[in-house]
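Taking it in order: structure first as structure tokens, then the write-up.
Counting begins at 1 with the first residue of the sequence.
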Amino acid sequence: MADLDNIQNLGGSFDPFADAAKEEAASAPKDIVHIRVQQRNGRKCLTTVQGINPKIDLKKVIKAFKKEFACNGTVIEDEEFGKVIQLQGDQRTNASTFLTKQGICAKDAVKVHGF
């Protein structure tokens, strides 16, 4: 019976992956800016930019995008993603370089999706 006293109680909940999940969450940047392209009809497409810091005035960013890239754009309020910038045409590379050059976000925080 003395041996039974030394047996560890395994009834408690122990998650062996809890530490890995904490490390993964800490290492990944929380504010990732996603740049995507959506096909409209034919050759037409839209570029969407989401995840920009809410403290930044998106109207000014849109104005700079429109002047820099000679395209039209708007801010869309989405239920799931919040405020999303829509630009006419495939502006993925232009938008990513612009955001990093202006210091709006870091280069490793920009994720370009599509094709």
Once you round to the nearest 0.5 Å, how far does [atom1] of [X] lie from [atom2] of [Y]?
{"X": "His113", "Y": "Ile35", "atom1": "NE2", "atom2": "CD1", "result": "9.0 Å"}
{"X": "Ile56", "Y": "Ile104", "atom1": "CD1", "atom2": "CD1", "result": "5.5 Å"}
{"X": "Phe69", "Y": "Thr47", "atom1": "CZ", "atom2": "OG1", "result": "9.5 Å"}
{"X": "Lys111", "Y": "Arg36", "atom1": "NZ", "atom2": "CZ", "result": "9.5 Å"}
{"X": "Gln50", "Y": "Ile32", "atom1": "CD", "atom2": "CD1", "result": "10.5 Å"}

Taking all non-hydrogen atoms of both residues into account, name the closest pair between [X] and [Y] and its distance.
{"X": "Leu46", "Y": "Gln88", "value": "CD2-CA, 4.4 Å"}
{"X": "Lys83", "Y": "Glu77", "value": "CG-OE1, 3.1 Å"}
{"X": "Cys71", "Y": "Phe65", "value": "SG-O, 4.5 Å"}
{"X": "Val110", "Y": "Cys105", "value": "CG2-SG, 3.4 Å"}
{"X": "Lys44", "Y": "Gln39", "value": "O-NE2, 3.3 Å"}
{"X": "Asp31", "Y": "Ala109", "value": "O-CB, 3.7 Å"}

*If you look only at pairs with a residue in residues 93-107, which of them pass as a side-chain hydrogen bond (donor to acceptor under 3.5 Å, both in side chains), with sequence neighbours excluded?*
Gln91-Asn94
*Using a 4.5 Å cut-off on heavy atoms from C-beta on, say whether the side chain of Val49 contacts that of Val61.*
no
*Got Ile62 and Thr74 here, is their nearest side-chain heavy-atom distance under 4.5 Å?*
no
*Do Val37 and Ile85 belong to the same hydrophobic cluster, where Ile, Leu, Val, Met, Phe, Trp and Tyr are linked whenever their side-chain heavy atoms lie under 4.5 Å apart, directly or via other members?*
no
*Can you tell me if CZ on Arg40 sees more than 12 non-hydrogen neighbours from other groups inside 6.0 Å?*
yes
